[in-house]
Amino acid sequence: MSEKEFGRTTLDLVHGLVKRGISNISVIMRHSARYYDYDHPESEPFMVLTDEGKELSFDLGKSLPEKMTARLFSSAFGRCIETAYLIDKGYVSRGGQTVSNSVEALLSPYYVKKPFELAALMGNKPPDFIRYWFDGCISKDIIGDPKEVAREILSFPVKKVEGAAKNRIDIGVTHDWNMYLIKEYCMGLRHEEVGKVDYLEGVVIYRENGCVYIANHQCDPIKLE
């Protein structure tokens, strides 16, 4: 196991909301610990979870609040599907009720329009790819406008929480790029200031007093307009 408790900040957010009586929660989070193959970038879509990543995912599922229905969603990439599947199994192992994983396009890197050209660009190793992209240094013909993409991705958990029944938690498993987009453009959290997105780190969207909020462990809840 890693010395760092991946997923703990996400669980703390969820449990804190449940203790306040909020029972309709939507989470979007990065997948668990994964393998890498830096010498073969073309294999990136096929990199799966490590044994530690599998254990972390299962343990997160076991630690979700009781007496809720958990619905799982994920990117089409294997590591995200694995994470969602194991969260599901972890929750079921302690008697939790779940709805099996559904693959969702908005949780995938759907905005990459020319993957081979993007891979070639990344091969030149800009010092900070995320900032290079966010600063508009890459053609929109290759990868989508980050501000527009962030809003599109956020629409997924927002729609889930707006239409959800009580005692339900929706969990969407995605990638670090998608998390950087949401954190910067929807929450004002720049990675240079708050750090890299951890495995199983999430943001939580919930409804309270007629308003929808987004929360992360690195800032106070923000009301979404």
Side-chain angles (χ1 to χ4, degrees), residues 1-15 25-65 68-112 115 118-119 122 129-130 153 156-157 160 169-183 191 195-204 216-218:
M1 288 292 291
S2 171
E3 293 180 0
K4 191 164 189 176
E5 287 191 85
F6 293 118
R8 176 49 52 191
T9 58
T10 304
L11 286 168
D12 288 346
L13 279 169
V14 170
H15 280 279
I25 299 168
S26 185
V27 182
I28 184 167
M29 63 191 297
R30 188 187 179 192
H31 56 73
S32 193
R34 52 161 289 189
Y35 285 107
Y36 292 86
D37 185 351
Y38 296 109
D39 294 329
H40 300 90
E42 69 277 6
S43 66
E44 172 63 17
F46 310 103
M47 293 292 99
V48 296
L49 298 186
T50 62
D51 288 343
E52 178 196 20
K54 295 175 183 178
E55 184 176 353
L56 289 166
S57 301
F58 189 83
D59 288 346
L60 187 144
K62 285 174 61 178
S63 300
L64 291 173
M68 299 186 79
T69 297
R71 299 196 307 176
L72 282 301
F73 306 88
S74 78
S75 158
F77 281 38
R79 53 187 173 270
C80 295
I81 294 173
E82 283 184 293
T83 301
Y85 174 83
L86 290 164
I87 291 172
D88 180 312
K89 296 309 172 188
Y91 197 44
V92 169
S93 74
R94 55 177 302 200
Q97 182 177 352
T98 65
V99 177
S100 297
N101 180 54
S102 174
V103 171
E104 294 287 342
L106 287 176
L107 297 174
S108 302
Y110 67 93
Y111 43 82
V112 177
L118 184 64
M122 293 178 69
F129 170 77
I130 295 297
I153 295 171
F156 174 79
K160 296 300 180 187
I169 178 169
D170 289 331
I171 300 175
V173 182
T174 190
H175 304 270
D176 57 348
W177 287 9
N178 294 33
M179 296 297 297
Y180 286 124
L181 286 160
I182 290 176
K183 290 180 71 174
H191 68 277
K196 295 181 178 180
V197 175
D198 282 335
Y199 296 125
L200 298 176
E201 177 185 337
V203 298
V204 179
N216 178 267
H217 67 287
Q218 294 171 321

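- Considering Lys196, Arg8, Lys183 in turn, Lys183 is the only one that fulfils the side chain to side chain donor-acceptor pair (under 3.5 Å) rule with Glu201.
- A side-chain donor from one of Asn178 and Tyr111 sits under 3.5 Å from a side-chain acceptor of the other.
- Residue pairs meeting the salt bridge (charged side-chain N to carboxylate O under 4.0 Å, His left out) criterion with at least one partner in residues 84-93, sequence neighbours excluded, do not occur; the list is empty.
- The aromatic rings of Tyr199 and His31 lie tilted to each other, with the angle between the two planes from 30° to 60°.
- Within the 4.5 Å cutoff, side-chain heavy atoms of Leu118 are placed close to those of Phe129.
- Scanning all heavy atoms of the two residues, the minimum distance from Leu60 to Gly7 falls at CD1-CA, 4.0 Å.
- Pairing each heavy atom of Tyr91 with each of Gln97, the nearest pair is CE2-O, 3.6 Å.
- The minimum heavy-atom distance between His15 and Ser63, with the atom names listed, is NE2-O, 2.6 Å.
- Leu13 and His217 get closest at one heavy-atom pair: CD1-N, 3.8 Å.
- Considering Asn101, Thr98, Asp170 in turn, Asp170 is the only one that fulfils the side chain to side chain donor-acceptor pair (under 3.5 Å) rule with Arg71.
- To the nearest 0.5 Å, the span separating CG on Leu11 from NZ on Lys62 amounts to 12.5 Å.
- Within the 4.5 Å cutoff, no side-chain heavy atoms of Thr9 are placed close to those of Gln218.
- A distance of 15.0 Å separates CD of Glu44 from OH of Tyr35, quoted to the nearest 0.5 Å.
- When side chains are defined from C-beta on, Val112 counts as touching Trp177, because their heavy atoms get closer than 4.5 Å.
- In terms of heavy-atom proximity, Glu104 sits nearest to Phe156 at CG-CE1, 3.5 Å.
- The backbone N or O of Leu49 sits less than 3.5 Å from a side-chain atom of Glu82, completing a donor-acceptor pair.
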### Query
Can you list the steps and then say if Leu72 with Tyr85 is a side-chain contact (heavy atoms from CB on, under 4.5 Å)?
CA-CA 8 Å; Leu72 282 301; Tyr85 174 83; over 6 Å; no
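- Summarising the geometry, atom OH belonging to Tyr110 is positioned 12.0 Å from atom OG belonging to Ser75; distances are rounded to the nearest 0.5 Å.
- Counting heavy atoms from C-beta on, the side chains of Asp198 and Arg30 never come closer than 4.5 Å.
- The structure places SG of Cys80 at 9.5 Å from CZ of Arg34, a figure rounded to the nearest 0.5 Å.
- The heavy-atom pair separating Met29 from Ile87 by the smallest distance is SD-CD1, 4.3 Å.
- At a threshold of 4.5 Å between non-hydrogen side-chain atoms, the residues Val14 and Pro65 count as touching.
- In this structure, CD in Glu55 is found 9.5 Å from OG in Ser32, a value given to the nearest 0.5 Å.
- Met179 has its side chain within reach of Thr174: a pair of non-hydrogen atoms, C-beta onward, lies under 4.5 Å apart.
- Atoms CG and CD1, from Leu107 and Ile153 in turn, are 8.0 Å apart once rounded to the nearest 0.5 Å.
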